Amino acid sequence: MPSRRSQGMLKLIRTHKKFASRIGNDLLLRIEPPVQAVAHLHMEGTSAKLISGLPFPALMVCPGKAAADDAVILHMHGGAYVSGGLLQCRALIAPICSSSGLRAFTFSYHLAPEYTYPAQLEDAWTAYQFLKEQGYSAKKIALVGESAGGNLALALALRIREMGEEMPGAIALLSPWVDLKQTGDSYKSLKDVDATLDAEELMKNAVAFAGADYMLDDARISPVYADFSGFPPVQIHCGTHEILLSDAELLEHQMLRCGVKVQLFRWAGMCHVFQAFGFEESKASNQQIGLFLKSRLLGEGEKRCSRKYLAER
């Protein structure tokens with residue numbers, strides 16, 4: 001059952017959904033302060049260092065005390081491929097860095113509609129190869145992404161496998177946007193309870209990213225249609241009140257069919273990427289993701305979070 005605080009806040013956001021969406025998408029996600037200013041922010045006990053020499057802005061985010069020097073998270077931000085930047089990156093990955101004790105490399109990829117697919121994948125590939133050049137082995141790299149960033153994390157993993165390279169050690173996805181054609185039931189059944197997302201707006205963004213609507217069922221655009229054979233362990237987190245719920249469930253089903261070790265955490269009453277809201281559920285989800293990444297990259301036994309806020313299957 002959702003916490004009282006989250007219920008009240010989500011009710012308020014849902015009541016003023018159009019206004020909140022405008023504030024979030026048109027203003028906050030498009031505000032990009034100087035990269036040095038973002039690097040100097042202290043969030044969740046983390047610090048950050050600006051990485052130069054790449055074709056996009058990038059940061060290495062460090063927890064107060066790193067659990068290991070040879071392991072790293074490669075984080076990809078959300079924003080439906082049309083918005084988002086380093087400030088969002090920093091805010092989303094900081095609590096996961098703190099809970100896992102792992103460093104995270106995060107970057108601001110080129111955005112649609114100016115840059116369509118595969119520009120974002122090429123940026124992700126460049127970021128991954130950069131980490132390899134810094135001495136990180138594939139098994140010590142975890143791919144993490146929220147929303148469109150979850151889509152990009154899967155697309156990158158598919159590219160890695162296609163190139164015949166060793167797969168990363170783990171993948172963690174927060175409300176992944178993987179069914180851009182919107183075939184899942186939740187796009188209709190949850191449209192009135194979703195506090196933040198609008199299916200029509202998402203479809204516009206999907207076409208802007210793909211370049212054409214006939215591309216939306218291509219596995220390179222909508223990873224839910226992909227073959228995931230050979231993938232590392234995956235953990236998926238989503239809310240039961242977001243229209244992307246069916247994306248997560250279809251993705252889990254497809255991964256299980258392909259023999260992937262996958263866990264899906266369905267958080268009762270939560271909205272899209274609720275991990276950013278500071279609810280009790282947000283903290284619990286970030287903590288569980290951190291424990292998962294730490295167990296996969298450092299070989300520590302994985303612990304499970306309290307099931308207090310999880311929905312029954």
Side-chain angles (χ1 to χ4, degrees), residues 56 58 71-78 81 89 92-93 96 100 102-107 109-110 117-134 136-180 209-210 215-238 244 247-265 289 292-297:
F56 41 73
V72 67
I73 297 167
L74 174 53
H75 170 250
M76 286 147 275
H77 71 78
Y81 283 124
C89 292
L92 266 296
I93 200 58
I96 295 175
S100 66
L102 298 170
R103 295 181 176 87
F105 180 91
T106 188
F107 62 101
Y109 50 77
H110 290 84
Y117 174 88
Q120 299 77 14
L121 177 56
E122 296 303 330
D123 286 347
W125 177 255
T126 298
Y128 181 72
Q129 294 304 317
F130 171 79
L131 291 179
K132 296 287 292 296
E133 292 167 3
Q134 298 305 303
Y136 293 103
S137 67
K139 291 300 184 184
K140 292 290 188 176
I141 300 175
L143 307 184
V144 176
E146 75 275 358
S147 194
N151 181 306
L152 187 54
L154 293 173
L156 175 58
L158 290 168
R159 167 71 70 86
I160 292 168
R161 189 187 64 185
E162 178 186 348
M163 298 300 292
E165 295 197 9
E166 184 179 15
M167 295 296 280
I171 300 174
L173 308 171
L174 293 67
S175 297
W177 185 37
V178 292
D179 179 16
L180 276 61
F209 160 62
M215 290 285 290
L216 296 183
D217 59 359
D218 189 309
R220 297 170 296 177
I221 300 294
S222 293
V224 73
Y225 299 109
D227 176 1
F228 298 107
S229 300
F231 264 51
V234 177
Q235 192 170 101
I236 306 168
H237 290 239
C238 69
L244 298 193
D247 284 43
E249 294 176 336
L250 289 169
L251 180 62
E252 178 200 31
H253 177 71
Q254 179 66 2
M255 286 185 162
L256 288 172
R257 286 183 58 192
C258 295
V260 179
K261 184 179 180 182
V262 57
Q263 296 173 298
L264 173 58
F265 289 83
I289 294 167
F292 167 69
L293 298 176
K294 196 172 184 179
S295 71
R296 299 307 312 175
L297 268 58

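Start at 1 with the first residue, then count along the sequence. Note that the coordinates shown come from a computational prediction; the quantities given were computed from them, not determined experimentally.
Put simply, the side chain of L156 reaches to within 4.5 Å of the side chain of I160, judged on heavy atoms. Annotation: side chain of P232 is in contact with side chain of I171 (closest heavy-atom distance under 4.5 Å). Residues T126 and F56 are in side-chain contact: their nearest non-hydrogen atoms beyond the backbone lie under 4.5 Å apart. For the pair R220/E162, no side-chain contact is recorded, criterion being any heavy-atom separation below 4.5 Å from C-beta on. M163 places a side-chain heavy atom less than 4.5 Å from the side chain of W125.
Nearest heavy-atom pair across I141 and P168 is O-CB, 3.3 Å. For L216 against Y225, the heavy-atom pair with the smallest separation is O-CE1, 4.1 Å. Shown here for A153 and L143, the closest heavy-atom pair between the two residues is O-CD1, 3.5 Å. In this structure, A138 and M167 approach most closely via the heavy-atom pair CB-O, 3.5 Å. When every heavy atom of F107 is checked against every heavy atom of H77, the shortest pair comes out as O-CD2, 3.4 Å. Nearest heavy-atom pair across L74 and A127 is CD1-CB, 4.0 Å.
Within the 3.5 Å criterion, the main-chain N or O of A226 finds a donor-acceptor partner in the side chain of Q254. Panel note: side chain K140, backbone L297; a donor-acceptor pair is recorded below 3.5 Å. When atom types are taken as modelled, the side chain of N151 and the backbone of I221 share a donor-acceptor pair closer than 3.5 angstrom. At least one donor-acceptor pair under 3.5 Å links the side chain of R161 to the backbone N or O of S229. No side-chain donor-acceptor contact under 3.5 Å links E146 to the backbone of L174. The closest donor-acceptor contact from the side chain of D247 to the backbone of D179 lies under 3.5 Å.
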side-chain contact (heavy atoms from CB on, under 4.5 Å) assessment of E165 paired with Q129: CA-CA 11 Å; E165 295 197 9; Q129 294 304 317; 3.4 Å; yes
The test is side-chain contact (heavy atoms from CB on, under 4.5 Å); show your working for H237 and F292 and say whether it passes. CA-CA 12 Å; H237 290 239; F292 167 69; over 6 Å; no
Derivation and outcome, side-chain contact (heavy atoms from CB on, under 4.5 Å), residues L251 and V234: CA-CA 11 Å; L251 180 62; V234 177; 5.9 Å; no
Step-by-step side-chain contact (heavy atoms from CB on, under 4.5 Å) determination, T106 to L92: CA-CA 10 Å; T106 188; L92 266 296; over 6 Å; no
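Distance CG/L152 to CE/M76: 5.5 Å, rounded to 0.5 Å. In this structure, L173 CG and I289 CD1 are separated by 9.0 Å, a value rounded to the nearest 0.5 Å. If you take CE on M255 and NZ on K261, they are separated by 14.0 Å, rounding to the nearest 0.5 Å. Here C238 contributes atom SG and L264 contributes atom CG; the two are 5.0 Å apart, rounded to the nearest 0.5 Å. Separating the CG atom in L121 from the CZ atom in R159 is a distance of 4.0 Å, to the nearest 0.5 Å.
In summary, the aromatic rings of F105 and Y136 are positioned with their centroids too far apart to meet the 6.0 Å limit.
Using bins of under 30°, 30° to 60° and over 60° for the plane-to-plane angle, the ring pair F231/F228 lands in the perpendicular bin. Between Y81 and F209, the ring-plane angle classifies as parallel under the 30° and 60° cut-offs.
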